[in-house]
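Before any comments, here is the structure.
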There are 2 protein chains.
Amino acid sequence: MVRGNDRWSVTSIDVARHAGVSQSTVSLVFAGKAEGRVSPLTQQKVLRIAEELGYRPNIAARTLRLGHTNIIAFVIPDVTNPFFAAVLKGAEQAARAHDYAVILVSTDNDQAWQGVVMDALTTHSIEGFVLCAVRPPDNLDLSLLRGRALIVDDTYPDLTALQLDIAGGTQAAMQHLIELGHRKIAHLASRRDTATFRLRGMIYEQTLSQLGEPIRAEYTAQAALEPEDALQAARQLLQATDIPTAIFCDDDLLAIGVYKAAREMELAIPGQLSVVGFGGGLIAQTLAPDLTTVAIPAGRLGEQALEILYTILNTTQPVASALMPLQLRIGDSTALPRP
Amino acid sequence: MVRGNDRWSVTSIDVARHAGVSQSTVSLVFAGKAEGRVSPLTQQKVLRIAEELGYRPNIAARTLRLGHTNIIAFVIPDVTNPFFAAVLKGAEQAARAHDYAVILVSTDNDQAWQGVVMDALTTHSIEGFVLCAVRPPDNLDLSLLRGRALIVDDTYPDLTALQLDIAGGTQAAMQHLIELGHRKIAHLASRRDTATFRLRGMIYEQTLSQLGEPIRAEYTAQAALEPEDALQAARQLLQATDIPTAIFCDDDLLAIGVYKAAREMELAIPGQLSVVGFGGGLIAQTLAPDLTTVAIPAGRLGEQALEILYTILNTTQPVASALMPLQLRIGDSTALPRP
DNA sequence: AAGCATATGTCATACGTATGATGTTGTCAA
DNA sequence: TTGACAACATCATACGTATGACATATGCTT
């Protein structure tokens, strides 16, 4: 390692010397604990000199002394997923407002997870974690996370969670299809096995059951959250002996596959096939016709996540979990079922 | 601030005590400078004890001592843009391989830029910067960046750059359209005024000029990089007195708007209107018909960016800029012009 | 004038690591 | 036997900050 900090080394001691005060005084001023200990006049002087010299507190030293940084880690499965990107954006903005920096951690391979958290927490003295749609591995020592982590769109015993009202959203989506007259509704599910997706499946089945409709195996398919795999699964659904009139997708990414499959088979959307997605970001806007989808306010989700984490980090009390409501946004991909 | 590091405090001193050696020895082992200074046997013992105790070096202390962290900042305009997200993903993976952590900085408001860099550099002791499609403000003291920054998809005097072969890509796109027989080609440009976009415009005009075609003002429109604004601009282009037969878009995001506008005006793609984009990520896959686009290997771009930055950070020599070639990926959005 | 509270500063130290300088052995050649 | 040298380990210190424990000065009360 060649680089050193040798170029930039204006320390509190330098400021102190130039201002004719002690290092302690400078430190007090910059720590904001000067009230009653440093006269306003001196404070002015210190600040002026510091400005002139271009002094910036060294955070490594501060961290070493205080035992905490201002860094939080944001853990998501994949930045490339527009939904997570949007959440991240919201969180990052909110973080900046609180003077936190955000370190990004993607966990495409769930294995890395544990190591990453441990390392981050200890090695980098990370203060807090936002775990977005990511479940900690079972063998992870939870005490590491307690009091410093927030789970978003998932749950874990003893950890505060920011939940989405998945059940409500799914119900709204199914209700919408049913009110249009659909009964032959298929479900394109995510292959990921987390609470958020399981819940969609449960409500899907529950809704059909309440209607007295059978749950047909050939009306459910699973796919990874990317268009190619979704296409395969969608083809499969549309090859059912009794072609469904509507498909409910666990995620907008999956809807992309459905659109492609429908195009292949020359099924018009929404004329011959209705489609509902889950997400409501860029993808929903990009698909034509506009996708009817359960819209998740991703940006606000990220913001709120950070606010809650902030509370967690600054309280000894346990912080209550929160629930964010979802709304169905009706687009042009749903209509009356074909006769 | 309530939280402290009080729970986790296995230090090198603890390890030393348990292993019956001095703190120096532990430090030497963990710094990898033990060859010839610590016997293999002792090394084993230290590592074993450290493992048992769950020791992790405290990075704040190390940073304070060494004057450098293992953190780099990744600066992009907007994570929400799938292209940047993909670059980020590649970079983050490569970073982890080099034991670097990545701090994310979005600069939607260019104002924040300078403050962020200064703060990051000094306050957080950030080691290096990847500036992706972001130009440092003119009044920024460049010496702060020299030797620790890499510009991606842009240039700046005295800074190493990882360039995309925008010119080549644009030429390929225009060539493709021209070979199909198009002459009435419009340009939907980004409103952002950076080198990467200016270059697209230049090549666009140059190609037409070489063909002896006029550059018509009504064949060029500008839009922000988001679908809604792009739609407006696309409408405008398609209302030209002599409707263009093809549109070249500076970015796939803009193509979304073109697709929407074409749909509104019942212009079939590619039958009545050919469209070429720039990017080639999720959006190109989502649009139907598949978008013909200049594909940017975003993931590899991110990886390579990090490799170069790594070189920069570990050399005193200036590092040469690099150029990444682009390829036109032909989809189903381009065809012979309507008669 | 003595006593005391208030206002303003400074001292000294600890945070955990890395490393040049300085021992302490043991081995081998002369 | 002694001096030289390698191999191994430790000592002492510095990095820059924050803060409880002191020190000093000023004004006010009695």
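By convention in this document, chain letters (A, B, ...) are assigned in the order of the sequence lines, proteins followed by strands, and residues within each chain are numbered from 1.
- For A:Gln163 (side chain) and A:Thr155 (main-chain N/O), no donor-acceptor pair under 3.5 Å exists by modelled atom type.
- Per the geometry, CG belonging to A:Leu53 stands 14 Å off P belonging to D:dG16, to the nearest Å.
- As a whole-Å value, the separation of B:Leu64 CG from D:dC15 C1' is 4 Å.
- Rounded to whole angstrom, the span from the CG atom of A:Leu66 across to the C1' atom of C:dT13 amounts to 15 Å.
- For the helix from C:dA1-D:dT30 to C:dA30-D:dT1, the axis fitted to the five pairs at one end and the axis fitted to the five pairs at the other end meet at an angle of 60° (nearest 10 degrees).
- Contact annotation: the side chain of B:Val134 never approaches that of B:Asp154 to less than 4.5 Å [non-hydrogen atoms, C-beta and beyond].
- For B:Ile13 and D:dC11, the CD1 to C1' distance is 13 Å, given to the nearest whole Å.
- At distances below 3.5 Å, not a single donor-acceptor pair connects side-chain atoms of A:Ser27 with backbone N or O atoms of A:Gln23.
- Contacts between residues 22-44 of chain B and DNA chain C, defined by a heavy-atom separation below 4.0 Å, involve B:Gln23, B:Ser24, B:Ser27, B:Leu28, B:Lys33, B:Arg37, listed by number.
- In this structure, CG of B:Asn58 is placed 6 Å from C1' of C:dG16, rounded to the nearest angstrom.
- For the pair A:Glu92 and B:Val79, the minimum side-chain heavy-atom distance is 4.5 Å or more.
- Note on ring orientation: taking the six-membered ring where Trp is involved, the planes of B:Tyr310 and B:Tyr100 are perpendicular (angle over 60°, cut-offs 30° and 60°).
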